[in-house]
Amino acid sequence: MPAGSLPADGALITFDVVPVASWASPGVVYRVEREGSYFYFRNERTGTGTHDKAWAVARSTWRHAA
């Protein structure tokens with residue numbers, strides 16, 4: 001999705017461009033969990049995760065994982 005889009009809670013996504021200062025990696029499948037003004041991204045393969053503020057996520061580009 002283009003920058004400015006926010007993923008839905010529970011969605012599976014892959015980042016093309018990661019959020020600013022994020023520990024997320026491009027090309028990795030993450031499950032999205034929304035927690036107030038934060039997004040938690042859980043790596044579907046390893047179970048580890050990272051969190052980012054909504055403003056940083058809005059500046060990233062991502063797509064739905066297949």
Side-chain angles (χ1 to χ4, degrees):
M1 301 305 281
S5 300
L6 295 174
D9 191 44
L12 288 174
I13 66 165
T14 300
F15 286 106
D16 294 318
V17 177
V18 296
V20 176
S22 178
W23 288 100
S25 298
V28 175
V29 176
Y30 293 100
R31 179 161 309 274
V32 177
E33 295 176 20
R34 183 102 189 240
E35 299 173 358
S37 64
Y38 282 90
F39 283 83
Y40 181 74
F41 301 105
R42 189 187 57 196
N43 183 317
E44 283 292 289
R45 186 175 59 81
T46 65
T48 60
T50 185
H51 65 280
D52 293 292
K53 285 225 171 227
W55 66 265
V57 175
R59 287 166 177 77
S60 66
T61 55
W62 55 273
R63 56 191 155 85
H64 291 282

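Closest heavy-atom contact between Pro7 and Ile13: CB-CG2, 4.0 Å. For the pair Ala65 and Thr14, the tightest heavy-atom approach, listed with the atom from each and the gap, is CB-OG1, 3.7 Å. For Asp52 against Ser22, the heavy-atom pair with the smallest separation is OD2-OG, 2.9 Å. Annotation for Ser60 and Phe15: closest pair OG-CE2, 3.6 Å, computed over non-hydrogen atoms.
Residue His51 forms a side-chain contact (heavy atoms from CB on, under 4.5 Å) with just one option from Tyr38, Trp23, Phe39, and that option is Tyr38.
Within the 3.5 Å criterion, the main-chain N or O of Gly36 finds a donor-acceptor partner in the side chain of Arg34. Looking at Tyr30, its side chain never comes within 3.5 Å of a backbone N or O of Gly49 through a donor-acceptor pair. Side-chain N or O atoms of Ser37 include none that pairs as donor or acceptor with a backbone N or O of Ala54 at under 3.5 Å.
Both Leu6 and Val18 belong to a common hydrophobic cluster when Ile, Leu, Val, Met, Phe, Trp and Tyr are linked at side-chain heavy-atom distances under 4.5 angstrom.
Looking at Asp9 and Glu33, their side chains come closer than 4.5 Å, going by heavy atoms from C-beta outward. Phe41 has its side chain out of reach of Val28: every pair of non-hydrogen atoms, C-beta onward, lies at least 4.5 Å apart.
Taken to the nearest 0.5 Å, the CD atom of Glu44 stands 4.5 Å off from the CZ atom of Arg31.
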